[in-house]
S.K.: 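Got a structure here, written out as structure tokens. Questions coming.
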Amino acid sequence: MKRKNNLYNKILNTNNLIFAHSRASKGKLEYTEVKKINENLNKYIFELNKSLINKSHKTSNYKIDTRIERGKERVIYKLPYFSDRVLHHALLQVVQPILETAYIKDTYQSIKGRGIHKAKKRVESFLEDRENTVYCLKIDIKKYYPNVNNEILKSLIRKKIKCKDTLFLIDEIIDSTEGLPIGNYTSQTFGNFYLSYFDHWIKEDRKIKYYVRYADDMIFLHRDKDFLHKLNEEMQQYLLENLKLTLKENHQVFEIKSRGIDFLGFKFYHTYTLIRGSIKKAYLKKIREITKNRIKKEHINSIMSYYGWLKAGNGYNLLRSTISDKISCRVEYFCKKSGLKNPFRKIFISVKKVNRFGRFQPTLF
């Protein structure tokens with residue numbers, strides 16, 4: 001595929017900027033900054049358009065916040081909504097489809113039409129070949145986003161894009177900090193793209209048939225344990241020499257039937273899939289909150305998100321045992337009083353169908 005040129009005018013196009021604002025403001029319409037922009041949208045879009053024409057845009061100073069998420073410390077970088085976050089949307093609306101042409105079929109993060117559940121189905125399809133998926137190698141990269149090399153990333157992007165003005169803008173965003181800042185809208189796309197040529201090396205050079213990547217989490221399935229150990233050594237060398245990355249020392253090669261594959265929030269076996277124990281624990285905690293405390297809208301939204309995991313992970317037995325008549329009545333009353341559509345009805349229908357027809361899935365734990 002030829003490198004793409006003449007992209008910059010598409011990025012700074014007024015319609016593209018307005019659409020970027022609509023995408024970036026989704027779910028944020030009550031934010032003070034978003035309200036301010038919406039009061040005089042044409043003015044702000046004109047200012048952003050002018051800064052791009054003059055190439056005067058500079059990434060704002062980051063507000064840095066340290067959080068503990070799932071027992072891990074994460075450094076979160078925040079930029080102002082305008083113009084940084086709007087600009088990031090405008091940029092990716094044009095360049096993301098171009099970068100995605102480098103992706104293999106079996107990478108799933110932050111790609112339209114893919115995602116966790118598509119990756120789950122792919123892993124399950126691989127495991128149908130029980131003879132050739134006896135063992136699993138599971139790896140991830142040490143502090144991946146902070147350790148992405150800026151110069152290498154820019155050189156890889158130049159394999160797909162040759163528009164000098166667009167590259168100038170991309171370089172300015174990349175060089176605004178070392179590595180890829182967690183919190184930038186561009187980081188997931190750039191992070192995914194950074195490993196795309198490694199994916200091709202795995203598939204085309206090393207001929208690995210059963211491989212799935214989600215961000216920097218990767219699994220490799222094979223019938224030969226020694227083959228996977230050797231592959232791990234080869235990958236360490238490739239990543240260090242080509243991308244300046246190192247793998248975590250906690251890589252694992254194990255027999256699937258004895259422990260299952262803990263990946264994407266699920267536990268995969270050859271004949272069934274369960275949800276991860278930590279997700280079950282969090283779900284039960286939310287159920288207890290609804291049972292004991294005053295119901296809030298965020299409780300319902302949270303349960304519905306867990307419903308997606310349970311439905312995908314053979315969790316009907318857990319739903320059947322936790323969605324009681326008491327919870328049903330309390331949620332129904334809350335929704336009627338608040339003028340909301342009761343999202344729990346979808347769960348209740350699923351549970352009733354299981355109870356009626358006896359379609360019980362394997363017990364979760």
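Predicted model only: the values in this text are computed from it and were never measured.
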S.K.: To the nearest 0.5 angstrom, please state how far the OG1 atom of Thr14 sits from the CG atom of Leu48.
M.R.: 9.5 Å
S.K.: Is the distance between the ring centroids of His222 and Tyr135 less than 6.0 Å?
M.R.: no
S.K.: Any ion pair linking Glu151 and Lys154 (charged N to carboxylate O, less than 4.0 Å)?
M.R.: yes
S.K.: Say you draw a straight line from CD1 of Ile37 to OG of Ser25; how long is it, rounded to the nearest 0.5 Å?
M.R.: 8.5 Å
S.K.: Report the residues that fulfil salt bridge (charged side-chain N to carboxylate O under 4.0 Å, His left out) with Lys143, sequence neighbours left out, ordered by chain and then residue number.
M.R.: none
S.K.: Between Phe82 and Tyr44 (judged by ring centroids, cut-off 6.0 Å), do the two rings come close enough to count as a pair?
M.R.: yes
S.K.: In this structure, are over 12 heavy atoms from other groups packed under 6.0 Å from Lys55 atom NZ?
M.R.: yes
S.K.: Evaluate Thr246 against Gln236 for side chain to side chain donor-acceptor pair (under 3.5 Å), listing each step before the verdict.
M.R.: CA-CA 6 Å; Thr246 56; Gln236 290 186 52; over 6 Å; no
S.K.: Quick check for you: to the nearest 0.5 Å, what is the distance between Lys164 atom NZ and Thr166 atom OG1?
M.R.: 12.5 Å
S.K.: Show me the pairs that pass ring-ring contact (aromatic ring centres under 6.0 Å, His included) and involve residues 146-176, at least two apart or across chains.
M.R.: none
S.K.: For Lys267, is there an ion pair with Asp262 - N to carboxylate O distance below 4.0 angstrom?
M.R.: no
S.K.: Tell me if the aromatic rings of Phe193 and Phe190 count as close, with their centers under 6.0 Å from one another.
M.R.: no
S.K.: Decide, yes or no, whether a salt bridge links Lys58 with Glu172 under the criterion of side-chain N to carboxylate O below 4.0 Å.
M.R.: no
S.K.: Any chance you could measure Thr107, atom OG1, to Arg114, atom CZ, to the nearest 0.5 Å?
M.R.: 7.0 Å
S.K.: Is there a side-chain contact between Asp216 and Ile139 (heavy atoms, below 4.5 Å)?
M.R.: no
S.K.: Can you tell if the side chain of Ile208 reaches within under 4.5 Å of the side chain of Phe227, non-hydrogen atoms only?
M.R.: yes
S.K.: Go through it in stages, so that I can follow the logic: the residues are Asn184 and Tyr62, the test is side chain to side chain donor-acceptor pair (under 3.5 Å), and I'd like the CA-CA distance, side-chain angles, deciding distance and then a yes or no.
M.R.: CA-CA 10 Å; Asn184 265 15; Tyr62 287 97; 3.1 Å; yes
S.K.: Judged by atom type as modelled, is there a donor-acceptor pair below 3.5 Å linking the side chain of Tyr31 to the main-chain atoms of Lys36?
M.R.: no
S.K.: Give the intermediate values and the outcome of salt bridge (charged side-chain N to carboxylate O under 4.0 Å, His left out) for residues Glu289 and Lys286.
M.R.: CA-CA 5 Å; Glu289 287 180 13; Lys286 287 296 178 183; 3.7 Å; yes
S.K.: Do the side chains of Tyr144 and Leu245 get nearer than 4.5 Å, heavy atoms only?
M.R.: yes
S.K.: In this structure, are over 12 heavy atoms from other groups packed under 6.0 Å from Lys248 atom NZ?
M.R.: yes
S.K.: Mind checking whether Phe263 and Lys120 have side chains closer than 4.5 Å, heavy atoms only?
M.R.: no
S.K.: In the structure I gave you, are the side-chain heavy atoms of Asn49 and Leu17 within less than 4.5 Å of one another anywhere?
M.R.: yes
S.K.: Between Arg85 (side chain only) and Leu79 (backbone N and O only), is there a donor and an acceptor less than 3.5 Å apart?
M.R.: yes
S.K.: Should the pair Arg67-Asp65 be classified as a salt bridge under the 4.0 Å nitrogen-to-oxygen rule?
M.R.: yes
S.K.: Taking NZ, NE, NH1 and NH2 as the nitrogens, is one of them in Lys142 or Glu249 under 4.0 Å from a carboxylate oxygen of the other?
M.R.: yes
S.K.: Determine whether Ile202 and Tyr238 make a side-chain contact, defined as any pair of heavy atoms from C-beta on separated by less than 4.5 Å.
M.R.: no
S.K.: Report the C-alpha separation of Glu128 and Thr133 in whole Å, then their side-chain angles, then the decisive distance to 0.1 Å, and conclude whether the side-chain contact (heavy atoms from CB on, under 4.5 Å) test is met.
M.R.: CA-CA 8 Å; Glu128 291 175 2; Thr133 59; over 6 Å; no
S.K.: For Lys203, look at atom NZ and say whether over 12 heavy atoms of other residues, nucleotides or ligands are found less than 6.0 Å away.
M.R.: yes
S.K.: Does Tyr197 form a side chain to side chain donor-acceptor pair (under 3.5 Å) with Asp199? I'd like the steps, not just the answer.
M.R.: CA-CA 5 Å; Tyr197 293 95; Asp199 292 337; over 6 Å; no
S.K.: Which value, rounded to the nearest 0.5 Å, describes the distance between Glu131 atom CD and His270 atom NE2?
M.R.: 11.0 Å
S.K.: Is Lys160 reaching over with its side chain to a backbone N or O of Ile157, donor-acceptor style, under 3.5 angstrom?
M.R.: no
S.K.: Could you walk me through whether His200 and Asp205 pass side chain to side chain donor-acceptor pair (under 3.5 Å), step by step?
M.R.: CA-CA 7 Å; His200 283 280; Asp205 187 286; over 6 Å; no
S.K.: Does any part of the side chain of Ile256, heavy atoms only, come nearer than 4.5 Å to the side chain of Leu221, both counted from C-beta?
M.R.: yes
S.K.: Is the CZ atom of Arg158 crowded by more than 12 outside heavy atoms at less than 6.0 Å?
M.R.: yes
S.K.: In Å, rounded to the nearest 0.5 Å, how long is the span from CG of Asp140 to NE2 of His251?
M.R.: 11.5 Å
S.K.: For the side chain to side chain donor-acceptor pair (under 3.5 Å) test, which of Gln96, Arg213, Glu100 pairs with Asn192?
M.R.: Arg213
S.K.: In this structure, is the centre-to-centre distance between the rings of Tyr211 and Phe220 below 6.0 Å?
M.R.: yes
S.K.: Is Glu33 atom CD crowded by more than 12 heavy atoms from other residues, nucleotides or ligands, each under 6.0 Å away?
M.R.: yes
S.K.: When you check the gap from the basic side-chain N to the acidic O, do Lys138 and Asp217 get nearer than 4.0 Å?
M.R.: no
S.K.: For Glu234, is there an ion pair with Arg206 - N to carboxylate O distance below 4.0 angstrom?
M.R.: yes
S.K.: Within the structure provided, determine whether Lys50 and Asn54 are in side-chain contact (heavy-atom separation under 4.5 Å).
M.R.: yes
